[in-house]
There are 2 protein chains.
Amino acid sequence: MPNAFVRKLGLYADLSPEDTEHLTALTKVVRDLGPNEDLIREGDTPENVHLVLNGLAVRHKTTVDGTRQIAALLLPGDFCDLHIAILDTMDHSISTLAPTQVVDIPRKTILDLVNNHPTISNALLSTTLVDEAILREWLVNLGARRSEIRIAHLFCELHARMQAIGLASNGTFSLPITQAQLGEALGLSTVHVNRSLMALKDANLVRKHDRQVEILDLNRLHAFAEFDPTYLHFRKAPDTASKSMRA
Amino acid sequence: MPNAFVRKLGLYADLSPEDTEHLTALTKVVRDLGPNEDLIREGDTPENVHLVLNGLAVRHKTTVDGTRQIAALLLPGDFCDLHIAILDTMDHSISTLAPTQVVDIPRKTILDLVNNHPTISNALLSTTLVDEAILREWLVNLGARRSEIRIAHLFCELHARMQAIGLASNGTFSLPITQAQLGEALGLSTVHVNRSLMALKDANLVRKHDRQVEILDLNRLHAFAEFDPTYLHFRKAPDTASKSMRA
DNA sequence: CGGTGACTTGAGCATCGTCAACATTCGTGG
DNA sequence: CCACGAATGTTGACGATGCTCAAGTCACCG
């Protein structure tokens, strides 16, 4: 079973066995982090690029009055900061939420991939563009949807992304995040997140229990959240990703 | 005087005279659009990539209940959809707000730039990454700032971007957008935009008159909006952009 | 002039935030 | 294994921010 990183890139390009092997080799050396540790801070110009292999991290930015906005949830297989291979300075911070395994990859290695491995390079570019598409959808979420739908939409997205890398089963996936942190991601107060979550549970749509999200009725949740996964740009539909097929 | 496109790329890479000439040649053939015309729609897989040379366009997405969210304001020099050179399908639409001049560039031309003009390629990649940084800042804006500060912050950003391409003078720049459209960009109702704008005017910070934004006190507005232009990643400070200097 | 689109204003209401108290869970050390 | 404390989740009351509806004004243009 390939790791989450290889699985994710495979969603965006037709990797050859050599490509797969090459990528797997890159993720051999893993670093273990605890919860609430900073990977990079705003203003840093790090040597390495970071990749999440396991666990959960967030991209976030803090305003002057101390409000923290989470701008991305980084799941297994996600790059944290591929852009600093091009732009020098970080304009935001990245921290773990849970115990997390990361891989540190030197900028040089990235440049080598870009120059000598066109398929991988293409996949990397795709993931960057999809990150942007996800960000756009989050903006729509904050700007145009009220709290219950907003939360439901986020859960739909996370389910789709987790399922695509093989980390969701039966509508259930791991999400070790507090209600307060959910609020920081969704632009809502903790109390309001709590009330909205209970409403979603009462409506038999989703439930967040412990560190897991359990979707009770996927079709109804998709309809309720107005969820359309097009923006994730998977090559294959997540449902059929297990069977290899050619279009 | 180079056009807005060349000026903008010059903010992100040290273009040689040949690069400049090459880019200028690409923007010879211009297409004129009226206000409220669609450039591309969600679901399209267009042949060409589009570039705004003059005027104003928006990236937007509409939810099921008809609410429209504007996810980006495309100023002169901005690419609309560079990503569809990689990802096939548009997951959002692009429309003009005012009379606008665009350039249609074939995907092949982009690929040629990427393969044969490393400096330009690097600049293009940078602009894409900065687009993402701007999007992140918009997310912070919607998630963590109340209406007056939210509007002020947007005006600060637009001023910085306009000034960087030579389209702001004396704190004043053109912004042919209605209050309703401003609301669509900021996740606010038209009425609330109106009231917030009047409060900003009463505070002698900024005024929107006709199709222009007039900043009355830039320093105070920056402070009020908590504006920090780092996320725009200009190579040189906009203020000193006219003098060439080496770091 | 008449009409259309943009802006302005007021009143009432919905959504969501704040504060404060309380309940529950979980990890830790006794 | 129990006891404790800290972090998280839950609930109620109240207030603020922002939305809706509706009417009216203003500027622009045919």
Side-chain angles (χ1 to χ4, degrees), chain A residues 34-37 56 58 63 65-70 95-99 141-154 174-203 206-214, chain B residues 34-37 56 63 65-70 96-99 141-154 174-203 206-214:
Chain A
N36 298 314
E37 284 191 43
L56 184 63
V58 290
T63 61
D65 71 351
T67 316
R68 190 172 79 146
Q69 178 66 41
I70 292 177
S95 316
T96 60
L97 290 186
N141 221 12
L142 293 211
R145 297 198 255 258
R146 28 175 284 265
S147 65
E148 286 174 33
I149 301 182
R150 202 183 292 181
I151 296 178
H153 195 282
L154 178 63
S174 158
L175 190 69
I177 187 176
T178 66
Q179 294 184 353
Q181 290 159 346
L182 253 185
E184 289 176 334
L186 293 163
L188 297 169
S189 70
T190 308
V191 173
H192 207 68
V193 167
N194 182 281
R195 293 195 164 114
S196 303
L197 278 178
M198 302 196 75
L200 289 172
K201 186 173 68 184
D202 288 347
V206 264
R207 188 162 48 160
K208 181 160 184 306
H209 217 46
D210 268 334
R211 278 143 193 172
Q212 296 225 317
V213 173
E214 184 186 348
Chain B
N36 299 315
E37 283 191 42
L56 185 62
T63 60
D65 71 351
T67 316
R68 191 173 77 146
Q69 178 65 42
I70 293 177
T96 60
L97 291 185
N141 221 12
L142 293 212
R145 297 198 254 257
R146 21 174 292 258
S147 65
E148 288 174 31
I149 301 183
R150 202 183 293 182
I151 296 178
H153 195 281
L154 178 63
S174 160
L175 191 69
I177 187 175
T178 66
Q179 294 184 352
Q181 290 159 345
L182 253 186
E184 289 176 335
L186 292 163
L188 297 169
S189 70
T190 308
V191 172
H192 208 66
V193 167
N194 182 280
R195 293 192 165 117
S196 303
L197 278 177
M198 304 195 76
L200 289 172
K201 187 173 68 185
D202 288 347
V206 60
R207 188 164 46 164
K208 180 157 187 306
H209 215 47
D210 266 335
R211 276 143 196 173
Q212 297 224 318
V213 173
E214 185 185 349

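Just so we're on the same page: letters track the sequence lines, and every chain starts at 1.
- The interatomic distance linking A:Q179 (CD) with D:dT8 (P) rounds to 11 Å, in whole Å.
- Here the side chains of A:T67 and A:Q69 are not in contact, with every heavy-atom distance at 4.5 Å or above.
- Annotation: side chain of A:Q181 is not in contact with side chain of A:L56 (no heavy-atom distance under 4.5 Å).
- Computed from coordinates, the B:I149 CD1 to D:dA16 P distance equals 17 Å when rounded to whole Å.
- Terminal axes of the helix from C:dC1-D:dG30 to C:dG30-D:dC1 (five pairs each, C1' rotation axis) are separated by 40°, to the nearest 10°.
- Within 4.0 Å (heavy atoms only), A:S147 reaches sugar-phosphate atoms of the nucleic acid but no base atom.
- As a whole-Å value, the separation of B:Q181 CD from C:dG5 P is 13 Å.
- Scanning atom types as modelled, one donor and one acceptor separated by under 3.5 angstrom connect the side chain of A:R195 and the base of D:dG12.
- When side chains are defined from C-beta on, A:L154 counts as touching A:L182, because their heavy atoms get closer than 4.5 Å.
- Under the 3.5 Å distance criterion, the side-chain polar atoms of A:S174 are left unmatched by any main-chain donor or acceptor of A:Q212.
- Within 4.0 Å of B:S189, counting heavy atoms only, lies at least one base atom of the nucleic acid.
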Side chains of residues 196-203 of chain B: which donor-acceptor partners sit under 3.5 Å, not counting sequence neighbours?
{"residue": "B:S196", "atom": "OG", "partner": "B:S147", "partner atom": "OG", "Å": "3.0"}
{"residue": "B:S196", "atom": "OG", "partner": "B:H192", "partner atom": "O", "Å": "2.9"}

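- Here the CG-OG1 distance, from A:N194 to A:T178, works out to 11.5 Å after rounding to the nearest 0.5 Å.
- Rounded to a whole Å, the CG atom of A:L197 is 15 Å from the C1' atom of D:dT11.
- Taking atom CG of residue B:N194 and atom P of nucleotide C:dG5, one finds them 19 Å apart after rounding to whole Å.
- Between B:K208 atom NZ and C:dA6 atom C1' there is a gap of 10 Å when expressed in whole angstrom units.
- We find that CG of A:D210 is positioned 9 Å from P of C:dT25, with the value rounded to whole Å.
- Considering only heavy atoms from C-beta on, A:V206 stays 4.5 Å or farther from A:I151 through its side chain.
- Distance B:L142 CG to C:dT15 C1': 16 Å, rounded to the nearest Å.
- Residue contacts for B:G183: at a heavy-atom cut-off of 4.0 Å it reaches no nucleic acid atom on any strand shown.
- Between the side chain of B:R150 and the base of D:dG18 there is no donor-acceptor pair of N/O atoms closer than 3.5 Å.
- Proximity note for B:R146 (side chain, C-beta onward) versus D:dT17, C:dG27, D:dT10: the nearest is D:dT17.
- Comparing B:N36 and B:V191 against DNA chain C, the residue whose closest nucleotide sits nearer the 5' end is B:N36.
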